Amino acid sequence: MEINQPPYYIRITIKLLLGFLIFYILHVAQDVLIPLTVAVLLTFLLMPVSNKLIKWKFPPTIAILCSILLALVVVAGLFYFFYSQIVSFAEDLPLLQAKLLEKVEFLQHFVNETFRITKEQQNVLVKSKLQENIADSGLLLLDLFSSTGTFIANFALVTVYVFFLTLYKKKFKQFIEAIVMDGKHNSYFEIVNKVAGVSQNYLKGIFLDVLILSILNSTGFLLLGIEHAILFGVLASVLNIIPYIGVLIGSILPVLMALLTKDEIGYAIGAAGVCVTVQFIDNNFITPYVVGSSVSINPLTATIALIISASVWGLAGMVLCLPLTGMLKVVCDHVEGLKPIGFLIGEEVDYRKNKFKLGRK
C-alpha cells in the first residue's frame with residue numbers, strides 16, 4: 001500500500017518549525033547544555049591522558065582523576081596569572097586616574113576652542129549622562145556577582161561531567177552498538193573518532209596559538225613601553241579565541257592604554273600596528289600550521305555560526321561556535337544525505353572532488 005507524502009511546501013514548513021524549536025530548546029536549556037558541551041570537549045581533550053595512564057597500570061578512576069587534576073592545575077595557573085596582573089593594574093589606578101583627568105582637561109579645552117561649548121556646559125552634560133547610567137551600573141554590578149557565582153558552579157559541574165563521561169565511555173560505546181543496526185557500528189564509531197579528533201586538534205592548536213600570540217603581543221607592547229604590556233598581550237591573545245569580535249576588543253584595550261599614558265599619538269598607532277601585524281602573522285602562518293585544517297569552515301559559515309551562537313548561548317556560544325561547527329561538518333561529511341551541507345559550510349572549492357550530486361533528488 002502506497003503512502004501519500006505531504007506536499008513539498010508542507011515538508012519544508014515542518015523542517016523550519018523543527019529548526020526553530022531546536023534553537024528555542026537550546027536557548028531555554030543553556031544552563032544545562034553549556035556546561036555539558038564544555039565537558040564533552042574537555043573529555044575529548046583529556047581522554048588521551050587518562051588512556052595513557054591506564055596503559056601504565058593506573059586504575060581507571062585514578063587515571064581519570066589525575067587527568068582532571070592536571071587540567072585544574074593549568075586553569076589555576078592561568079587564574080593566578082590574571083589575578084597577579086590585575087592586582088598590579090589596580091595599584092596603578094590612582095596614576096591612571098590622574099592621567100585621565102589630564103586628558104579630559106585637554107579634551108574640554110579642545111571642545112571649547114572648536115565648538116564654543118564652555119567647560120560648565122560640558123560638565124552639566126556629562127553629569128546628566130552619568131546620573132542616567134547610575135541605575136544601569138548597579139544592575140551591571142549585580143549581574144557581575146551573579147555571573148561569577150554561576151561560573152564557579154558551572155566549573156565544578158564541568159569537572160563532574162568530565163569524570164563520568166570518561167568513566168562510562170565503554171557504556172556509551174555499548175549504547176551505540178545497541179541502537180545501531182548490525183553492520184553499521186564501525187561507520188558510527190568512525191564518526192565519533194573523527195569528531196573527537198577535531199575537538200582534540202582544535203583545542204590543542206588553540207592553546208599553542210594563544211601562547212605564541214601572547215609572546216608576540218607582549219613583546220611588541222614592551223618594546224613600545226606600554227604599561228602592563230604582558231597583561232594586554234595575553235588578554236588580546238585569549239580574546240582571539242572569539243572569532244572577529246575578540247580581535248577587535250583585544251586591539252582596542254592596548255591602544256586606549258597608550259592614548260591614556262603616553263603624550264604622543266604615535267604610541268597608540270604603534271600599538272595598533274602591533275595588533276594588526278600579529279594578526280596578519282597569525283592568520284597566514286601560525287593558525288594554518290598550528291591549528292591546521294581541524295576546523296575547515298569557510299568565513300561565511302563562521303560568521304553565521306558566530307551570530308547564531310551568540311544569540312542562543314551568548315558569550316559561551318561565541319567561544320564554542322567554531323569547534324561545534326567543525327564537529328557538525330565532520331558528521332555531515334560522513335553521512336550520505338548530509339554531504340552537500342558539509343560541502344557548503346566547508347572550505348572546498350572543487351565540487352567535482354566530492355562524491356555527491358548537488359542537485360535535489
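These numbers come from a predicted model, not from an experiment.
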Can you list every ring pair (Phe, Tyr, Trp, His ring centres under 6.0 Å) pair that touches residues 247-282, not counting sequence neighbours?
none

How long is the span from the [atom1] atom in [X] to the [atom2] atom in [Y], to the nearest 0.5 Å?
{"X": "L65", "Y": "L53", "atom1": "CG", "atom2": "CG", "answer": "10.5 Å"}
{"X": "I54", "Y": "T61", "atom1": "CD1", "atom2": "OG1", "answer": "9.0 Å"}
{"X": "I265", "Y": "D263", "atom1": "CD1", "atom2": "CG", "answer": "12.0 Å"}
{"X": "I206", "Y": "L45", "atom1": "CD1", "atom2": "CG", "answer": "12.0 Å"}
{"X": "S67", "Y": "M47", "atom1": "OG", "atom2": "CE", "answer": "9.5 Å"}
{"X": "L338", "Y": "I345", "atom1": "CG", "atom2": "CD1", "answer": "9.5 Å"}

Determine whether L70 and C66 satisfy the following criterion, side chain to side chain contact (heavy atoms under 4.5 Å, CB included), listing intermediate values before the conclusion.
CA-CA 6 Å; L70 177 63; C66 289; over 6 Å; no

Might you point out which heavy atoms bring [X] and [Y] nearest each other, and give the distance in Å?
{"X": "G317", "Y": "S309", "result": "O-CB, 3.1 Å"}
{"X": "A258", "Y": "I226", "result": "CB-CD1, 4.3 Å"}
{"X": "A272", "Y": "V255", "result": "N-CG2, 3.8 Å"}
{"X": "L41", "Y": "P323", "result": "CD1-CG, 4.4 Å"}
{"X": "G326", "Y": "V198", "result": "C-CG1, 4.2 Å"}

Quick one: are [X] and [Y] in side-chain contact, heavy atoms under 4.5 Å?
{"X": "N298", "Y": "T301", "result": "yes"}
{"X": "D282", "Y": "L216", "result": "no"}
{"X": "L256", "Y": "L260", "result": "no"}
{"X": "L26", "Y": "L33", "result": "yes"}
{"X": "V28", "Y": "F23", "result": "no"}
{"X": "I286", "Y": "I281", "result": "yes"}
{"X": "V247", "Y": "L239", "result": "no"}
{"X": "V312", "Y": "Q30", "result": "no"}

Check: [X] side chain, [Y] main-chain N or O, donor-acceptor pair, under 3.5 Å:
{"X": "S50", "Y": "I64", "value": "no"}
{"X": "T277", "Y": "V274", "value": "no"}
{"X": "Q200", "Y": "F44", "value": "yes"}
{"X": "W313", "Y": "I308", "value": "no"}
{"X": "S214", "Y": "S237", "value": "no"}

Among the clusters formed by ILVMFWY side chains lying less than 4.5 Å apart, do [X] and [Y] turn up in the same one?
{"X": "L248", "Y": "M318", "answer": "no"}
{"X": "I307", "Y": "I34", "answer": "no"}
{"X": "L259", "Y": "L222", "answer": "no"}

F89: partners by ring-ring contact (aromatic ring centres under 6.0 Å, His included), with sequence neighbours left out:
H228

Under the criterion side chain to side chain contact (heavy atoms under 4.5 Å, CB included), I'd like the reasoning laid out for N217 against V234: C-alpha separation, chi angles, the key distance, then a yes or no.
CA-CA 7 Å; N217 284 325; V234 176; over 6 Å; no

Quiz: residues 161-175 side-chain donor-acceptor pairs under 3.5 angstrom, not counting sequence neighbours:
residue, atom, partner, partner atom, Å
T166, OG1, V162, O, 2.8
K169, NZ, N51, OD1, 2.4

Quick one: list whatever passes side chain to side chain donor-acceptor pair (under 3.5 Å) with T159, sequence neighbours left out.
none

For Q279, side chain to side chain donor-acceptor pair (under 3.5 Å) partners two or more places apart:
N283

For residues 71-87, which side-chain N or O atoms pair as donor and acceptor with protein atoms under 3.5 Å away, sequence neighbours left out?
residue, atom, partner, partner atom, Å
S84, OG, Y80, O, 3.2
S84, OG, F81, O, 2.7

